[in-house]
Amino acid sequence: MTCVRLFSNMLFMSDYNFTEIEKKWQKYWDENKTFKITEDPKVPKEKRCYVLDMFPYPSSAGLHVGHPEGYTATDIYSRFLMMNGYKVLHPMGYDSFGLPAENYAIKTGTHPGISTEENIEKFEKQIKSLGFCYDWDRKVCTHNEHYYKWTQWIFLKLFEQGLAYEAETPINFCPSCKTGLANEEVKDGNCERCHSKVERKNLRQWILKITAYADRLLADLETLDWSESIKIMQRNWIGRSEGANVTFDLADGSGEIEVYTTRPDTLFGATYMVLAPEHPLVEKITTSEQKQAIEDYKTTANSKSDLERTELAKDKTGVFTGAYAINPVNNKKVPVWISDYILMSYGTGAIMAVPGHDERDFEFAKKFDIPIIQVVSRDGTFHELKEAFTEDGVAVNSGEFDGLPTKEFKEKITDWLDKKGKGKKAVNYKLRDWIFSRQRYWGEPIPLVHCEKCGIVAVPYDQLPLTLPEVKVFAPSGTGESPLATIDEWVNTKCPKCGGKGKRETNTMPQWAGSCWYYLRYLDPDNGKEFASKEKIDYWMPVNLYVGGAEHAVLHLLYARFWHKVLYDLGLVNTIEPFQRLINQGMITSFAYQRKNGSLVPVDEVDEADGEKYIEKATGEQVERIIAKMSKSLKNVINPDDVVRDFGADAMRMYEMFMGPLEVSKPWSTNGIFGIKRFLERVYRLGEKSLSDEKADDKLVRLLHKTIKKVTEDTGSLAFNTAIAQMMIFTGEINSLETLPKTLWEPFVLLLSPYAPHLAEELWEKCGNKASVAMQKWPEFSEELAIDDVITLVVQINGKVRTKLETSRGLSKEQLEEEAMKAPRIQELIEGKAIVKIIAVPDRLVNIVIKG
RNA sequence: GCCGGCGUGGUGAAAUUGGUAGACACGCCAGACUCAAAAUCUGGUGGGGGCAACUCUGUAUCGGUUCAAGUCCGAUCGCCGGUACCA
């Protein structure tokens, strides 16, 4: 019985053995180096395209379903371009320096190099299992010394340009990662990577002067083809503001205080001043009576982390220094306070406080009973200020300037101050310089030597790469120094300049360093003389399309742009920006369940009842299905390996593209992939049918051309979901044919090939053609055949659809009206009514407006 | 709080940019094939009413512009992302 049953099952079962097909073609591409790309000067610039993915950090967790989303998108696009006659550079590599490997080393003693290599191998196997058309000969790994030699080289260029400086300043320190962090790496007061609470700590740091490029980083955003939201995020991060620096003399004549304000027009309303607690003037100006109070305040402020400072933001605190300053516009004496709501790192670290027109100052003034003076009014009259009025308006209470609108007043008063030598126009940025050192082992050593005589000396270029020494202990020293500091034979060196005693810099670079320029190394990965040759840079740059997650909106994209601009200024690259077009793929989320009280329930603890209700097994309580990020705790993580094993790489690729638009986040549903699997099986079965040289039915020819048009346009604009839908429509229509006309089938296989490359290769071969399908010419369509000659004309009465008519395309408005009026249904409905007007939209609809 | 983005069937989503709302797919229902099931194929499927032809209603909510609104404008609510004393 079982035998017979098995046999009959076999007969009807689909023969689509994706595992075998996919293995076969991956081997073929690999062995034939199908996607190896070389620079051919005969190919004109406009037919070259650089399509780049954000390279992954090779984590031990392996590939996440989010990775293949972007990779598939660029893969389809690259293959599409190749078939359209483009030279496409499409590389892949690994951002392989990073903390997780080092933390793993601390735990297990495994050298991070070893675990990293293992992870890379695993990643690569997973990436290759999806059949992407990368030119693997161009692979780069940032931890490879032939790569980081050039990271160090570029760092030295920055150093030479005066863009790297050493400073001992309070920095963000992650007690868990035991390292300093850049401002961008702190999220809500927590470490971006491990989420521990960030502390303030004084450490000697290398810092890159990214602020020197703030204006260009801002201005050049205009030249980029990026989504507006990412541009806005970068603009906000750079945070440019215009205002004035204004000088207030101290009342006792002992000096002056410079403040930055964006509202110089409110100077007449300044009733006090505030210095940041760390401001150097504080010590000088504090009177003896206030000394103790000021010292106490400084101590508490200093012990607070930035997070605590903001957490306690609801209640303003501060102490009077005892000193007074003179307001330059009216010579009034104003008290000088200190408060931690003023940050030393922004502007001049000091403000003039205008409580009438600034919320923070208002709050402070209320608490400490400082006078509030209105100097701006919406309509020029006085009101009692119940809260700060921060909008623009008309000046009042401002002496000779009364009546001036805010904007004009700003200019006038700035000029006035300038003439009196009391102020100057000024621009400020929220962007801070980039803290570039990490007290860690697994990163690029900073190639500098501290010499007793010569100071800081760069390691000569011919001695690069400065490689990482072997260590036995990976844990940071705990004193804030990197593990490298414990290796005397490495640290103690000769000064490259004077030959005297020198000590190597023991900080390493942050992970972002390697990713700041990797797109350039792909151009010329084996070059031992330069990071990339000028010819190759000219050949390919800029990156035409860059696809990756939005989580890098500020960090990576800002840093890489900064480095690129430095290289540009040195004449080493040919474009002011590295990434011309940027697309952020949406996150792939997953389903989870939520109890009425808002707590989340893992997916394996919930049953589905009647296909719509969800019941928590343990309690029988009904829960709601929600969309959540994939997480181990919710047990809703999808492993790409499982998907490839169960459905195949082609199905995985196509499903991820079919889920919805590339840019939006969307939930993974394993049910959804069945539809794609069925589609691919149907395509496979179609390929089993015999091919004929007969002419195809006219209707099907039209459908084919329509399909080519839709797939061509949608693939070109990265609208993969609708392109797939059109291919589904096509297969649905040809499914019932006994034999397939070659002229119908072959173009379809070509259309499918960027999406499901393995299956398409197989089908192409079955048609009797030679591989590779990826090297074929993209099918063309005829505009004329791509549109239906018969259209459905919608006839509306007062905007409501009343009937639909089949008419031929291209009728004039008059003809349309005539057709519409002839329709019996319409005749009936307009009987005895007055026609007000008729709107005819060619090839679409006729709307008859009637009355009565 | 501020700055972005988004709210369309039971579900993922389409909609030529102001012109047939729900393409395509999942799920569900029915039918064909089968002893039966699976697979496959065919048809149906926003909601309400009607035997039917039809009809009313429907794109978060309310209002507006228009012959015509998912699309434009105004207000409100909700979700997501960014940011947070930046003077």
Side-chain angles (χ1 to χ4, degrees), chain A residues 5 8-9 12-14 187-189 227-233 235-237 239 241 243 259-263 266 274 309-310 312-314 316 339-343 345-354 358-361 363-364 428-432 550-551 553-554 586-587 589 591 610-612 625-627 655 658-661 663-676 678-679 681-682 685 710 713 719 721-729 732 735-736 792-802 804 825 836-839 841 843-850:
Chain A
R5 200 168 281 181
S8 69
N9 275 349
F12 290 105
M13 217 172 67
S14 156
K187 276 208 156 75
D188 302 323
S227 78
E228 205 48 40
S229 65
I230 296 286
K231 285 193 195 177
I232 286 168
M233 277 160 78
R235 274 186 211 121
N236 288 346
W237 195 264
S241 73
V259 301
Y260 171 71
T261 177
T262 55
R263 292 295 301 272
T266 60
V274 191
R309 275 199 183 192
T310 44
L312 299 169
K314 283 145 212 139
K316 293 272 179 295
S339 171
D340 62 6
Y341 84 93
I342 301 308
L343 309 173
S345 49
Y346 185 76
T348 60
I351 62 150
M352 62 167 202
V354 185
D358 180 284
E359 279 161 25
R360 296 149 300 180
D361 298 347
E363 213 184 301
F364 191 90
N428 258 298
Y429 298 93
K430 280 207 284 190
L431 181 72
R432 308 285 158 78
E551 65 272 23
V554 272
M587 203 187 343
T589 53
F591 290 117
D610 346 316
E612 45 188 87
R625 189 169 82 165
I626 55 146
I627 288 168
Y655 174 59
F658 189 60
M659 287 166 77
E663 290 99 321
V664 307
S665 78
K666 47 225 167 238
W668 180 279
S669 141
T670 299
N671 279 342
I673 201 171
F674 283 120
I676 290 290
R678 268 177 222 165
F679 166 73
E681 280 169 350
R682 171 184 278 190
R685 283 196 306 271
K710 180 88 177 144
E713 289 171 356
N721 52 337
T722 47
I724 293 170
Q726 184 61 38
M727 290 192 265
M728 287 173 165
I729 294 170
N735 199 35
S736 54
T792 307
L793 180 72
V794 171
V795 186
Q796 301 180 329
I797 291 177
N798 290 346
K800 287 188 176 168
V801 181
R802 285 292 108 114
K804 294 171 188 180
R825 178 84 197 125
V836 180
K837 69 165 150 179
I838 302 177
I839 294 104
V841 183
D843 296 337
R844 284 208 190 285
L845 59 70
V846 173
N847 187 11
I848 302 163
V849 186
I850 60 170

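Just the heavy atoms: all of them, side chains too, but no hydrogens, waters or symmetry mates, feed the values below. Keep in mind it's a predicted model, so treat the numbers as computed, not measured. Naming: A, B, ... by sequence-line order, numbering from 1 per chain.
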Nearest-Å distance for atom pair CD1/C1', residues A:Ile729 and B:A13: 14 Å

RNA chain B: 5'-proximal contact among A:Thr261 and A:Val664 (nearest heavy atom): A:Val664

Whole-Å C1' distance, B:G5 and B:G10: 26 Å

Distance test, side-chain N/O of A:Arg682 to OP1/OP2 of B:C41, below 4.0 Å: yes

Spacing between A:Lys837 atom NZ and B:A68 atom C1', to the nearest angstrom: 10 Å

Sugar-phosphate only, base, or nothing, as touched by A:Arg235 at under 4.0 Å among non-hydrogen atoms: nothing

Test item: A:Asn847 side-chain N/O and A:Gly799 main-chain N/O as donor-acceptor pair under 3.5 Å: yes

Touch class at under 4.0 angstrom, heavy-atom based, for A:Lys430 against every strand present: base

P spacing across the pair B:A84 / B:C62, given as an integer number of angstrom: 38 Å

P-based separation of B:U71 from B:A60 [nearest Å]: 8 Å

Touch class at under 4.0 angstrom, heavy-atom based, for A:Asp361 against every strand present: nothing

For A:Glu551, all residues meeting side chain to side chain contact (heavy atoms under 4.5 Å, CB included), sequence neighbours excluded: none

Euclidean distance for P, B:G70 against B:C77 (whole angstrom): 24 Å

Flag, side chain of A:Thr266 to backbone of A:Val354, donor-acceptor distance under 3.5 Å: no

A:Tyr429 side chain near A:Ser241 side chain, heavy-atom distance below 4.5 Å: no

Sugar-phosphate only, base, or nothing, as touched by A:Tyr260 at under 4.0 Å among non-hydrogen atoms: base

Candidate nucleotides B:A14, B:C85, B:A25, ranked by approach to the side chain of A:Asp340 - the nearest: B:C85

Integer-rounded Å distance: B:C24 C1' and A:Phe674 CZ: 18 Å

B:A21 and B:A69, which share atom name C1', separated by this distance in whole Å: 11 Å

Among B:C24, B:U40, B:A14, the one nearest A:Arg685 by side-chain distance: B:U40

Nearest listed nucleotide, side chain of A:Asn735, among B:G12, B:A14, B:C41: B:C41

Per A:Leu343 side chain, nearest of listed nucleotides B:A87, B:A13, B:C67: B:A87

N-glycosidic conformation, B:G81 - syn within 90 degrees of 0, else anti: anti

CD on A:Glu363 to NZ on A:Lys316, rounded to 0.5 Å: 4.0 Å

Contact under 4.0 Å: A:Arg802 side-chain N or O vs B:U55 OP1/OP2: yes

Aromatic contact, A:Trp668 with A:Phe591 (centres under 6.0 Å): no

Length of the CZ-C1' vector between A:Phe679 and B:A25, whole Å: 11 Å

Gap in Å between the two C1' atoms, one belonging to B:U11 and one to B:A32, rounded: 28 Å

Rounded distance in Å - CD1 (A:Ile342) to C1' (B:A87): 6 Å

Sugar-phosphate only, base, or nothing, as touched by A:Arg432 at under 4.0 Å among non-hydrogen atoms: base

Sugar-phosphate only, base, or nothing, as touched by A:Ser736 at under 4.0 Å among non-hydrogen atoms: nothing

Expected rows: protein N/O vs nucleotides 18-22 of chain B N/O, under 3.5 Å:
{"unit_1": "B:U20", "atom_1": "O2", "unit_2": "A:Lys804", "atom_2": "NZ", "d": "2.7"}

Phosphate OP1/OP2 of B:G12: any A:Asn671 side-chain N/O under 4.0 Å: no

Rounded distance in Å between the P positions of B:C72 and B:U8: 16 Å

Under 3.5 Å between N/O atoms: give me all the protein pairs with nucleotides 44-53 of chain B, atom names plus distance.
none

Whole-Å gap separating P (B:A87) and CG (A:Asn428): 8 Å

Over all atoms of both residues, closest heavy-atom pair of A:Ala550 and A:Ile230: CB-CD1, 4.4 Å

A:Leu431 CG to A:Arg235 CZ distance, which is reported to the nearest 0.5 Å: 15.0 Å

Parallel, tilted or perpendicular: rings of A:Tyr341 and A:Phe364 (30°, 60°): tilted

Watson-Crick or G-U pairs under 3.5 Å in RNA chain B, rendered as dot-bracket with [ ] for crossing pairs and | for another strand: (((((((..(((......[....)))((((((.......))))))((((....))))..(((((..]....))))))))))))....

Sugar-phosphate only, base, or nothing, as touched by A:Lys187 at under 4.0 Å among non-hydrogen atoms: sugar-phosphate

Conformer about C1'-N of B:U17 - syn within 90° of 0, anti elsewhere: syn

Rounded distance [0.5 Å steps], OG1 in A:Thr589 versus NZ in A:Lys666: 9.0 Å

Nearest-Å distance once atom P is located in both B:G47 and B:A38: 25 Å

Polar atoms only, N or O, under 3.5 Å: list the protein pairs with nucleotides 3-8 of chain B and their distances.
none

Contact under 4.0 Å: A:Ser241 side-chain N or O vs B:A87 OP1/OP2: yes

Distance in Å, A:Lys710 NZ paired with A:Ile724 CD1, rounded so as to fall on 0.5 Å steps: 12.0 Å

Contacts of type side chain to side chain contact (heavy atoms under 4.5 Å, CB included), residue A:Asn236, not counting sequence neighbours: A:Ile232

